[in-house]
Amino acid sequence: MAQNNLARNLTDQPQPYVSTPDQAQVKRVSISKALKLSSFEKLLIVCGSAVLTVLMLVVVSSKIALSNSQHELQHLDNQIVTVRTSNTNLKQQIGELQSSTRLDKIAHKSGMSLLNANIRNVTK
């Protein structure tokens with residue numbers, strides 16, 4: 001078995017490549033004019049801007065009102081502390097003025113004497 005005859009001698013002849021210059025295609029870009037807004041769109045833009053402006057003003061005014069309220073609250077807290085301190089001082093003075101040693105001194109200066117047999121404690 002001879003296989004010598006099975007192989008074929010194929011030689012393709014390369015065909016010469018001839019390039020043809022492409023024609024430069026010029027793309028035409030059309031500059032479109034700006035689209036005109038309809039009256040509804042204009043009205044919508046104006047109303048949106050007005051609402052946005054009103055909302056900004058509301059936010060600023062509420063911030064100012066909040067700041068004023070905090071300032072008033074701080075002022076009232078300071079007044080409360082002052083009144084409480086004053087009340088504490090006055091209660092301390094009442095305690096000092098009602099002390100039995102002070103009352104004994106005042107009675108002794110006035111020529112009075114205190115007899116324990118004549119003292120009665122009354123409570124309501």
Side-chain angles (χ1 to χ4, degrees):
M1 294 199 211
Q3 293 182 353
N4 290 341
N5 291 338
L6 294 178
R8 294 183 193 167
N9 190 4
L10 295 176
T11 57
D12 290 332
Q13 295 292 331
Q15 295 179 358
Y17 177 73
V18 179
S19 64
T20 57
D22 292 335
Q23 294 179 354
Q25 294 181 357
V26 177
K27 292 184 178 179
R28 299 195 182 249
V29 178
S30 63
I31 299 174
S32 62
K33 295 181 181 179
L35 296 176
K36 293 184 179 182
L37 297 175
S38 67
S39 60
F40 175 73
E41 290 170 337
K42 290 179 184 177
L43 179 67
L44 192 62
I45 290 172
V46 169
C47 289
S49 299
V51 167
L52 185 64
T53 303
V54 168
L55 288 177
M56 287 189 295
L57 291 174
V58 166
V59 167
V60 170
S61 65
S62 65
K63 289 275 189 178
I64 291 171
L66 178 65
S67 176
N68 289 338
S69 297
Q70 286 178 338
H71 185 268
E72 289 179 24
L73 178 64
Q74 186 176 8
H75 181 67
L76 289 175
D77 284 342
N78 290 338
Q79 285 181 345
I80 289 171
V81 168
T82 303
V83 169
R84 284 185 179 167
T85 304
S86 175
N87 286 345
T88 304
N89 291 338
L90 291 174
K91 286 179 183 179
Q92 185 176 358
Q93 285 180 358
I94 289 171
E96 291 173 0
L97 293 174
Q98 287 181 344
S99 69
S100 60
T101 57
R102 181 181 173 273
L103 293 176
D104 287 340
K105 286 180 184 178
I106 293 173
H108 187 65
K109 284 181 185 178
S110 300
M112 297 181 193
S113 64
L114 182 64
L115 297 174
N116 286 337
N118 295 334
I119 296 177
R120 290 186 196 176
N121 289 331
V122 179
T123 59
K124 289 186 176 182

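- With sequence neighbours left out, His71 forms a side-chain hydrogen bond (donor to acceptor under 3.5 Å, both in side chains) with no residue at all.
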Sequence neighbours excluded and cut-off under 3.5 Å, please list the side-chain donor-acceptor pairs for residues 56-63, or say none.
residue : atom : partner : partner atom : Å
Ser61   : OG   : Leu57   : O            : 3.1
Ser61   : OG   : Val58   : O            : 3.0
Ser62   : OG   : Val58   : O            : 3.1
Ser62   : OG   : Val59   : O            : 2.8

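- Distance check, rounded to the nearest 0.5 Å: NE2 of His75 to CD1 of Ile80 gives 10.5 Å.
- Rounding to the nearest 0.5 Å places OG1 of Thr82 at 6.5 Å from CG of Asn78.
- In plain terms, the two heavy atoms of Ile45 and Leu37 that are nearest each other are CD1-CD1, 4.0 Å.
- Once rounded to the nearest 0.5 Å, the distance linking CD1 of Ile64 with OG of Ser69 reads 12.0 Å.
- Screening residues 85-108 for side chain to side chain donor-acceptor pair (under 3.5 Å), with sequence neighbours left out, gives no hits.
- Grouping Ile, Leu, Val, Met, Phe, Trp and Tyr residues whose side-chain heavy atoms lie under 4.5 Å apart, directly or via other members, places Val51 in a hydrophobic cluster with Leu55.
- Qualifying side-chain hydrogen bond (donor to acceptor under 3.5 Å, both in side chains) partners for Gln74, counting only residues two or more places apart in sequence or in other chains: none.
- Evaluation of the side-chain contact (heavy atoms from CB on, under 4.5 Å) rule for Ser38 yields Phe40, Glu41 as partners, not counting sequence neighbours.
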